[in-house]
Protein chains: 2
Amino acid sequence: MPTARNVLSPDALAMVQTIAETGSFAAAARARNMVPSALTYRVRQMEDALDVLLFDRSSRQARLTAAGAELLREGARVLADIDAIANRVKRVATGWEPQLTIAVDSIINHATVMELCKDFLAPDPPTRLKLRDETLSGTLEALTSGQADLALGVALDAGTAPGLQREPLGTVRFAFVVAPHHPLAREPEPLSDDVIRRHRAVAVADSVQRGGGITVGLLPGQDVLTVSSMPAKLDAQLRGLGVGFLATCLAQPYMDTGRLVVKSVERAEQSIPFSYAWHKGGKAAQGRALQWWLERLKNRVTRAALLGLIATSLPH
Amino acid sequence: MPTARNVLSPDALAMVQTIAETGSFAAAARARNMVPSALTYRVRQMEDALDVLLFDRSSRQARLTAAGAELLREGARVLADIDAIANRVKRVATGWEPQLTIAVDSIINHATVMELCKDFLAPDPPTRLKLRDETLSGTLEALTSGQADLALGVALDAGTAPGLQREPLGTVRFAFVVAPHHPLAREPEPLSDDVIRRHRAVAVADSVQRGGGITVGLLPGQDVLTVSSMPAKLDAQLRGLGVGFLATCLAQPYMDTGRLVVKSVERAEQSIPFSYAWHKGGKAAQGRALQWWLERLKNRVTRAALLGLIATSLPH
DNA sequence: CGGCATCATTCAAAATATTTGAATGAAGGA
DNA sequence: TCCTTCATTCAAATATTTTGAATGATGCCG
């Protein structure tokens, strides 16, 4: 007793295609190096399993019924799927992961990440790439929760989790900067906490999904404008909507042109080391995609470019 | 020599699923009423065809490799597709079309069409329904060009094509109406062509795809605002953006509340009969979906509702 | 209209593929 | 260490598919 799952093999669907293309059972049998009765037998098997006639045989050449035409149409898509799957399974067996998810902190230079993606994807690897934008403790959490395979831009004091490997990217200096038209621009230095507290701060929202998240650099009782990334924080401060620390590498072009002014403050100035992290496991446990990225991240210039410390010009 | 197209049958994919779910070859064999060696043989066939190991056999229970996991993941979708196709082919064989396309003129009452669609789709027929909005000669052309199976709202003087069947929906009266704040509202009646020509007309664009299309009711040299449907024409005239004829059934609520004013004109007033049309062919050549619609369109109340001559309350 | 080529099918035999069941070696739990 | 249960091997049994000859039907061409 044949069932649909037994007889609707890709080869059977391909046979229906050949019949439609050649116009007759006889021609299709010749094209497939079969004897006509074998082809008749197999079509019958399909018709029995589906309990419908796929072909109208009242004329000399058998013609597709409406049901047969429907099977032809839908079957073409399944055929393409199967061929793609077979190809994909074979390629994954070579050691490449089906997918690699990278959590990218908003401090990380976006253009550099894109350049790396371009290099990775150029030889058409089997691995699909997925980027997730994160901020603050959300970057590491994506990794520890298993939602990401690699995290770029983890602050070194952001806690430690067992089972993770880390390597340093470099250190980012933060400066307290304001727009030149902001009232704080005219205050005598160094600025005290009391003076700063009277003005709105610009803060980046933590992208963490579990727990309360962290806030950085806020003074008690201070008004705050919350944005979703470091570039957005920069923009808000350029517009004089608020004040706060910015990575000097990010703010430097604007400091050079006078659109931002550095103010010295009584608080300790910040200088934070960032790293990248991935799950522990020897080289044998890592897919080739992750190995590719870890290899590229070893490069000193790449690291600096990711932190925006130099212009994007990666070595190959 | 097995190939991917031979061995990646839906039944084989289902077998991989059972192995993953039960956790071992032995349990999967029991679940499928097979002897263990038969299952081993079939897995081997798949592995040979794909030239990859789908299972790691170094432990007591065989475990999926990365390639095997990929096949499991992608295979689930193909399985669902195949089952849906088998179901669909069988239902199409019952006489229902895979798809029915209806061209609906913009004079037709939209809510009534939706009510009919709802009734048609309620018993979950195999036929997919596709509506196309058309205007003027585009409505009939969709039918004659084979892009629609049924046309609702064909003007009776819109030409005849061989091979079509027609039935009347009813007659729509058109009145020349203007917004009360429009300058023409204060002109003495009946309005001559010379007076009308000085004011912008609102015209509906013909949706026809071949040929130049037709324009209705424009005077030579008259300014025109072209919109895409009768409801849009009504809206433009309510806003006093232009003037022209409107179906009285469409304009009546606004005439009653004084938002539109009827003006008598020297030109002959329009009263146009509309019909619906489909391809010639006896009942045996029509799918059951088209038959359903033709049966419903025989009803006198349905016809009036489609022309907006009565409120939408269809008999079942 | 008749003849002929070619179509799809039937049928039984041949060939091939799949399944069975017993035996074996290995993993892993108590 | 012993025992259960795992996956595999192997040859025989069973099932399925293919073959090839014969047949009846369609439809083209002279």
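All chains are named by letter (A, B, ...) in the order of the sequence lines, taking the proteins before the strands, and each is independently numbered beginning at 1. Keep in mind that the numbers below use all heavy atoms, side chains included, and drop hydrogens, waters and symmetry copies.
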Report summary line: Result for 5'-nearest mapping on DNA chain D, choosing between A/Q61 and A/N33, is A/N33

Query - Carboxylate-amine/guanidinium contact B/R32 B/D11, below 4.0 Å - result: yes

Requested in this report: Give the nucleotide from the list D/dT26, C/dA26, C/dA8 with an atom nearest to the side chain of B/R60.
Outcome: C/dA26

Query raised in the report: Rounding to a whole Å, what distance do you find between B/M34:CE and C/dG21:C1'?
Result: 14 Å

Query raised in the report: If you measure from CE on B/M15 to CZ on B/R42, what distance do you get to the nearest 0.5 Å?
Result: 5.0 Å

Query raised in the report: Given atom CG of B/D48 and atom P of C/dT18, what is their separation to the nearest angstrom?
Result: 12 Å

Report task. Could you check whether B/T40 gets within reach of a base, just the sugar-phosphate, or nothing at all, counting any heavy atom under 4.0 Å? Result -> base

Query raised in the report: Do the side-chain N or O atoms of B/R30 get closer than 4.0 angstrom to the phosphate oxygens (OP1, OP2) of D/dC6?
Result: yes

Query raised in the report: Separation of A/N6 atom CG from D/dT17 atom C1', in whole Å?
Result: 14 Å

Query raised in the report: Roughly, in whole Å, what's the span from CZ in B/R42 to P in D/dA7?
Result: 17 Å

Requested in this report: For B/S37, report the nucleic acid contact type (base, sugar-phosphate, nothing); a contact means any heavy atom under 4.0 Å.
Outcome: base

Report task. Could you tell me the separation between the CG atom of B/L39 and the P atom of C/dT19, rounded to a whole number of Å? Result -> 9 Å

Report task. For B/T18 and B/A14, indicate whether the former's side chain and the latter's backbone hold a donor-acceptor pair under 3.5 Å. Result -> yes

**Report entry** Nearest-nucleotide comparison on DNA chain D, the residue closer to the 5′ end among A/P36 and A/R57
**Finding:** A/P36

Requested in this report: Could you tell me how the ring of B/F25 sits relative to the ring of B/F55: parallel (under 30°), tilted (30 to 60°) or perpendicular (over 60°)?
Outcome: perpendicular

Report task. Quick one: label A/A38 by what it contacts on the DNA or RNA (base, sugar-phosphate, nothing), any heavy atom closer than 4.0 Å. Result -> base

Query raised in the report: Salt bridge or not for B/R57 and B/E47, using N-O below 4.0 Å?
Result: yes

Query - Residue-phosphate contact under 4.0 Å: B/Q45 side-chain N/O, C/dA17 OP1/OP2 - result: no

Query raised in the report: Over how many whole Å does the gap from A/Y41 atom OH to D/dT18 atom C1' extend?
Result: 9 Å

Query - Between P of D/dA25 and CG of A/D56, the distance in whole Å - result: 17 Å

Query raised in the report: Taking the side chain of B/R44 as its heavy atoms from C-beta onward, which of D/dA7, D/dT8, C/dG28 lies nearest to it?
Result: D/dT8

**Report entry** Interatomic distance where CZ belongs to B/R63 and P belongs to C/dA27 [whole Å]
**Finding:** 12 Å

